[in-house]
Amino acid sequence: MSQRVALITGSGKRIGAATASLLLSEGWFVFLHVRNSIDEARNMLKEFQETHGFEPSAEILQADLNSDEELSSLVNTVRAHEVVQSNGGLHALVHNASIYNSVDFAKVSGEYLRLNNRIHIEVPFLLTQGLLPLLKSARGCVIGMVDTSVGRAWNGLSHYTASKAGLRQLMLNLAGDLAPEVRVNCVGPGAIVAAEWESEHFESVIKNVPLGRAGDVTDVAKAVQFLLESPYLSGQVINVDGGWSIAP
């Protein structure tokens, strides 16, 4: 019996790790891409084994996505991997890797703007392109982790929100370009995990969330799982935000 195979970028911690853990519990083989979070990824796999009583089918792949050489190496490693070859390709590609920092608009450097566009738009474009034959052979699904900032102005986040909006549009466009062999969707987390620098902003968002509370990383992971298990869904954006996106 074949095993479904997924690659999740930025899966050493937080949402990426929760998504990987959920898929592993469902019997998937998961490539956990990390840049620096190797120890966190190893600890997650160790905790998974202790909790579930079996060894997870996973492999940690380290790569700096801002490096053309390391991105190319990541693609080649997945392409040539035995588990991909023996299971009919790549069934899921989750673009979760992200950078998120507040910088006043007047102080955003060209270099930092390009880094945001690189990680949130260029890498998902090139990674999907490089792994497309494997996705087609498995009739797989691509998921972009976008944002609920569409149509809103967020102070100090113009570089981030613009690049995330670019990822959203890229995914929606690819839903058309890659059909019918490959499905493409988006998940937009809302107030899930607060960065260290945004506690005040995070609390102000919670006050406007209709459900009256923050979400959990497992809420986002379940949305990813739902999209992977829904063969007639493509070109969709699921906001996991407690209703915040429709709040007045």
Side-chain angles (χ1 to χ4, degrees), residues 6-17 19-20 31-38 40-41 60-79 90 92-135 142-150 152-175 177-178 182 184-189 192-193 195-198 220 224 237:
L7 168 61
I8 306 174
T9 63
S11 52
K13 51 189 177 181
R14 296 189 291 268
I15 290 173
T19 303
F31 290 110
L32 293 94
H33 159 264
V34 299
R35 185 184 59 150
N36 296 321
S37 304
I38 298 177
E40 290 90 337
I60 300 171
L61 302 178
Q62 184 179 21
D64 180 356
L65 299 180
N66 196 33
S67 163
D68 288 336
E69 293 76 15
E70 293 190 32
L71 178 61
S72 179
S73 178
L74 176 63
V75 169
N76 291 335
T77 297
V78 174
R79 279 178 173 176
L90 187 64
L93 172 58
V94 182
H95 297 298
N96 175 72
S98 182
I99 51 175
Y100 180 57
N101 288 293
S102 177
V103 183
D104 182 79
F105 174 75
K107 297 179 180 179
V108 176
S109 67
E111 180 181 8
Y112 193 60
L113 177 61
R114 286 188 290 272
L115 179 60
N116 275 261
N117 288 333
R118 166 74 177 186
I119 300 302
H120 300 150
I121 303 175
E122 189 174 332
V123 167
F125 187 107
L126 296 174
L127 202 52
T128 305
Q129 189 180 61
L131 296 173
L132 185 56
L134 299 178
L135 289 162
V142 179
I143 296 176
M145 202 65 67
V146 293
D147 200 272
T148 52
S149 60
V150 174
R152 297 175 184 267
W154 286 11
N155 292 334
L157 289 171
S158 58
H159 52 287
Y160 170 81
T161 56
S163 59
K164 280 291 189 174
L167 174 60
R168 181 181 187 275
Q169 183 57 41
L170 172 62
M171 294 293 100
L172 296 180
N173 211 96
L174 291 183
D177 285 347
L178 306 187
V182 179
V184 185
N185 293 287
C186 300
V187 173
I192 304 295
V193 181
E196 294 180 2
W197 53 267
E198 66 163 350
V220 183
V224 172
V237 181

For this session: Quick one: do Val184 and Asp177 satisfy side-chain contact (heavy atoms from CB on, under 4.5 Å)? Show the steps, please.
Result: CA-CA 10 Å; Val184 185; Asp177 285 347; over 6 Å; no
For this session: Using salt bridge (charged side-chain N to carboxylate O under 4.0 Å, His left out) as the criterion, list what pairs up with Arg118, not counting sequence neighbours.
Result: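 Here the qualifying residues are Asp68, Glu122.
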For the side chain of [X] and the backbone of [Y], is there at least one donor-acceptor N/O pair under 3.5 Å apart?
X	Y	answer
Glu70	Asp64	yes
His33	Ala63	yes
Asp104	Gly156	no

Do [X] and [Y] make a side-chain contact, defined as non-hydrogen atoms from C-beta onward lying under 4.5 Å apart?
X	Y	value
Leu178	Thr128	yes
Val220	Met145	yes
Leu131	Leu7	yes
His95	Val142	yes
Ile99	Leu115	yes
Val75	Leu126	no

Problem set entry | Identified side chain to side chain contact (heavy atoms under 4.5 Å, CB included) counterpart of Lys164 within the set Val150, Asp147, Leu157, Asn116 |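 That would be Asp147; it is the only one of Val150, Asp147, Leu157, Asn116 passing the side chain to side chain contact (heavy atoms under 4.5 Å, CB included) with Lys164.
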To the nearest 0.5 Å, how far apart are [atom1] in [X] and [atom2] in [Y]?
X	Y	atom1	atom2	result
Leu132	Leu127	CG	CG	11.5 Å
Leu32	Gln62	CG	CD	12.5 Å
Asn96	Arg14	CG	CZ	9.0 Å
Asn117	Phe125	CG	CZ	14.0 Å
Leu170	Arg168	CG	CZ	12.5 Å

Problem set entry | More than 12 heavy atoms from other groups under 6.0 Å of CG on Asn155 |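 Check fails, neighbour count at 12 or below.
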For this session: Under the side-chain contact (heavy atoms from CB on, under 4.5 Å) rule, what do Leu134 and Arg79 come out as? Steps first, then yes or no, please.
Result: CA-CA 7 Å; Leu134 299 178; Arg79 279 178 173 176; 4.1 Å; yes
Exercise. Would Leu61 and Thr77 satisfy side-chain contact (heavy atoms from CB on, under 4.5 Å), going step by step from the backbone distance to the final call?
Worked result: CA-CA 9 Å; Leu61 302 178; Thr77 297; 4.0 Å; yes
Problem set entry | Stepwise side-chain contact (heavy atoms from CB on, under 4.5 Å) test for Leu174 and Val182 | CA-CA 9 Å; Leu174 291 183; Val182 179; over 6 Å; no
Problem set entry | Glu69 and Ser67 side chains, donor-acceptor separation under 3.5 Å |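 Yes, side-chain donor-acceptor contact under 3.5 Å.
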For this session: For Asn66, check side-chain hydrogen bond (donor to acceptor under 3.5 Å, both in side chains) against everything at least two apart and list the hits.
Result: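 Result, side-chain hydrogen bond (donor to acceptor under 3.5 Å, both in side chains) vs Asn66: none returned.
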